[in-house]
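Heads up: the structure comes next, in structure tokens.
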Amino acid sequence: MIRAIDIFKSFGEQDVLKGITTEFYPAQTNLIIGRSGAGKTVLLKLLVGLLAPTSGKVFYDDVDFFALNKRQVRAIRMKVGMLFQASALFDSMTVEQNVRFPLDMFTNMTRKEKLDRVNYCLERVNLHEVNDKFPSELSGGMQKRVGIARAIVLKPKYLFCDEPNSGLDPKTAILIDELIRSITMENNITTVVNTHDMNSVMGIGDNVILLYNGEIAWRGDRDQVMESDNEVLQNFIFASPFLQQLRDSAIKK
Amino acid sequence: MFLKNFLFHLGRYVIMMRTAFYRPERVSMYYKETMRQMNDIGIGSLLIVALISIFIGAVTAVQFSYQLDGTLVPTYYIGYIVRDSTIIELAPTITCLVLAGKVGSNMAAEIGGMRQKEHIDAMEIMGVNTAGYLIMPKVVAALFVIPMLVAIAAFISIMGGYVAAVPTGLMSNAEFVQGVRSFFVPYNVTMMFVKAVVFAVLLTSVSCYQGYYVEGGSIELGKASTNAVVFSDILILLADYVIAVLLTG
Ligand SMILES: Nc1ncnc2c1ncn2[C@@H]1O[C@H](COP(=O)(O)OP(=O)(O)O)[C@@H](O)[C@H]1O
Ligand SMILES: [Mg+2]
């Protein structure tokens, strides 16, 4: 479990996060939703320590993350996997080398064991025969999958995904979502996913927080989304005139 | 304002370098990376260093023979002057100025690109000491390879002097050889290697620093690459002076 307590973050004059307190649970896909610019990426980077909060605390289970020294932080990070918005694959390495990199760096496995683990992870994200390709030779969806494979190769306890399905077609987006959810369930991972996609919310939203104006405007799970009359949430879901029309006609009926 | 800025960068540079020399997570990975860097820096720069050295030696020979023409200084001194000016000053300094332009800007762009594309963040999340993995192998590789390049540069430079002086009739083969063998002070070679080592550390670490803390987009990346060269060059020349004062005093 990860707990964020009263997180504030400002960049100069701009207050991006104003008192975020929430919990993220194991074996669930915990979603952070909100419009572009709401501060989702900033919150995620705070949780993993890539940014420092202006004030507030983050606990990994019972460990106070920001009180750790550099070595202890690295020890926690070995248990953390992260998928970046732009995948962040190392472009001078092949797919196989990318996924193998954490194994090379941190394990004493033999060549064969590493290769087996890499192939298992690539298999797990439904990628076949791409071992020797370079990231630039893959489609966006495939890059995300390689990103996921690399993130899970060390069997993380915590998984962070920044907009895992942005820029993908709806079918692929749903596949990626489901992949993340099933990996989460299988391995009892505490997964935190940023998204602005309602399909993701309804598909994998076990525990959802909605960021608005730097605060949590709504929280709940996917079943509570439709029942809620929270105005911010309604505005977020029914963002387009088309969707608003759809809602209004449904209400009339 | 300037002082504050200077202290900020100096402090951040020192912290970065200290972090870079923590114990490696996995020696074999660092070793592999160091070998790759040695190849990049060494083999990759051999041609340009050789080319420049030939001309430096040649120009030194031609110009000194012009300056000494009609004086009482014996002709064979030209060989001696070419040898010593090359070893003490030209080979280490010019080679490293050129390497700052070639290797330094390349390092800043490589690391800076990784920063901007979140590759460094991705490694951090894995638990990698990124300052260590990205910087230590480069500095260590440069420490070994750049002195070798400088030694090669000195040798080729003296050959360049020979080529410019002997076949063209400025002096005879015997005179040049006599010059090169006269008044040899082994200490000058030590001085050359001291310079090479200091310049190597300066140019790699300064360039890595420029890349490691880059922000923004392609304009900033270009700037970081330019800054890597400019600051490396300035510091190399400054260090050149300091070493000259210290080692000849
Ligand atoms: N490094 C930074 N420096 C200054 N402002 C930043 C930085 N990172 C993010 N911001 C600001 O924080 C706000 C939230 O950004 P972000 O978390 O990326 O939004 P999103 O919810 O789309 O992921 C934006 O207004 C952005 O301008
Ligand atoms: Mg974002």
Side-chain angles (χ1 to χ4, degrees), chain A residues 11 41 44-45 47-51 68-93 97-109 111 114 135-136 143 146-148 150-154 156-163 192, chain B residues 12 14-37 39-40 44 106-138 211-218 221:
Chain A
F11 293 103
T41 302
L44 208 63
K45 287 191 173 171
L47 291 175
V48 295
L50 286 176
L51 287 173
L68 301 177
N69 67 29
K70 271 190 177 164
R71 273 170 217 277
Q72 292 166 318
V73 165
R74 274 187 214 119
I76 293 249
R77 290 220 172 119
M78 313 266 294
K79 292 186 258 172
V80 171
M82 181 154 176
L83 172 63
F84 284 80
Q85 199 159 349
S87 295
L89 300 176
F90 308 136
D91 36 28
S92 59
M93 298 184 196
Q97 288 166 337
N98 261 283
V99 180
R100 206 180 60 210
F101 184 84
L103 298 176
D104 286 339
M105 200 58 132
F106 296 112
T107 71
N108 291 316
M109 294 160 88
R111 251 191 124 69
K114 285 187 218 166
S136 59
Q143 288 182 9
V146 177
I148 295 174
R150 189 178 68 182
I152 61 170
V153 76
L154 282 176
K157 256 181 96 175
Y158 313 97
L159 181 62
F160 298 87
C161 304
D162 196 357
E163 311 227 1
V192 183
Chain B
R12 205 166 59 160
V14 169
I15 292 172
M16 179 193 85
M17 288 307 285
R18 217 185 49 195
T19 316
F21 283 86
Y22 280 169
R23 202 158 58 83
E25 295 90 327
R26 187 147 298 263
V27 174
S28 63
M29 289 290 278
Y30 279 62
Y31 176 79
K32 231 193 313 182
E33 181 64 14
T34 307
M35 290 300 133
R36 190 176 75 88
Q37 292 296 337
N39 190 49
D40 277 8
N106 192 9
M107 284 179 181
E110 181 188 321
I111 296 182
M114 293 185 73
R115 167 67 75 195
Q116 290 182 340
K117 286 181 281 183
E118 296 187 312
H119 293 180
I120 293 185
D121 286 346
M123 281 190 189
E124 277 290 335
I125 292 296
M126 291 171 193
V128 177
N129 172 11
T130 52
Y133 182 64
L134 295 176
I135 296 170
M136 192 211 284
K138 292 186 173 64
Y212 194 73
Y213 287 107
V214 78
E215 283 168 12
S218 40
L221 190 59

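Only this structure's heavy atoms are used, side chains among them; waters, hydrogens and symmetry mates stay out. In what follows, chains carry the letters A, B, and so on, assigned in the order in which the sequence lines appear, proteins first and then strands, with residues in each chain numbered from 1.
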Interface residues of residues 114-124 of chain B facing chain A - heavy atom cut-off under 4.5 Å: Lys117(B), Glu118(B), His119(B), Asp121(B), Ala122(B), Met123(B), Glu124(B)
Non-neighbouring partners of Tyr133(B) that pass ring pair (Phe, Tyr, Trp, His ring centres under 6.0 Å), sequence neighbours left out: Phe101(A), Tyr30(B)
Under the side-chain contact (heavy atoms from CB on, under 4.5 Å) test, residues paired with Met78(A) that sit two or more places apart: Phe106(A)
Which portion of Ile76(A) sits near chain B, non-hydrogen atoms under 4.5 angstrom: neither
Test item: Met126(B) and Met82(A) side chains (from C-beta on) under 4.5 Å apart, heavy atoms: no
Among the listed options Leu83(A), Val80(A), Leu154(A), Asp104(A), the residue most often paired with chain B at heavy-atom distances under 4.5 Å: Asp104(A)
Residue pair Thr19(B) / Lys70(A), side-chain heavy-atom distance below 4.5 Å: yes
Approximate separation, where rounding is to 0.5 Å, of Ile125(B) CD1 and Lys45(A) NZ: 9.5 Å
Arg26(B) and Asn108(A), any side-chain heavy atoms less than 4.5 Å apart: yes
All salt bridge (Lys or Arg N to Asp or Glu O under 4.0 Å) counterparts of Glu110(B), not counting sequence neighbours: Arg36(B), Lys138(B)
Whether over 12 other heavy atoms sit under 6.0 Å from Phe21(B) CZ: yes
Donor-acceptor pair between Asn129(B) and Arg71(A) side chains, under 3.5 angstrom: no
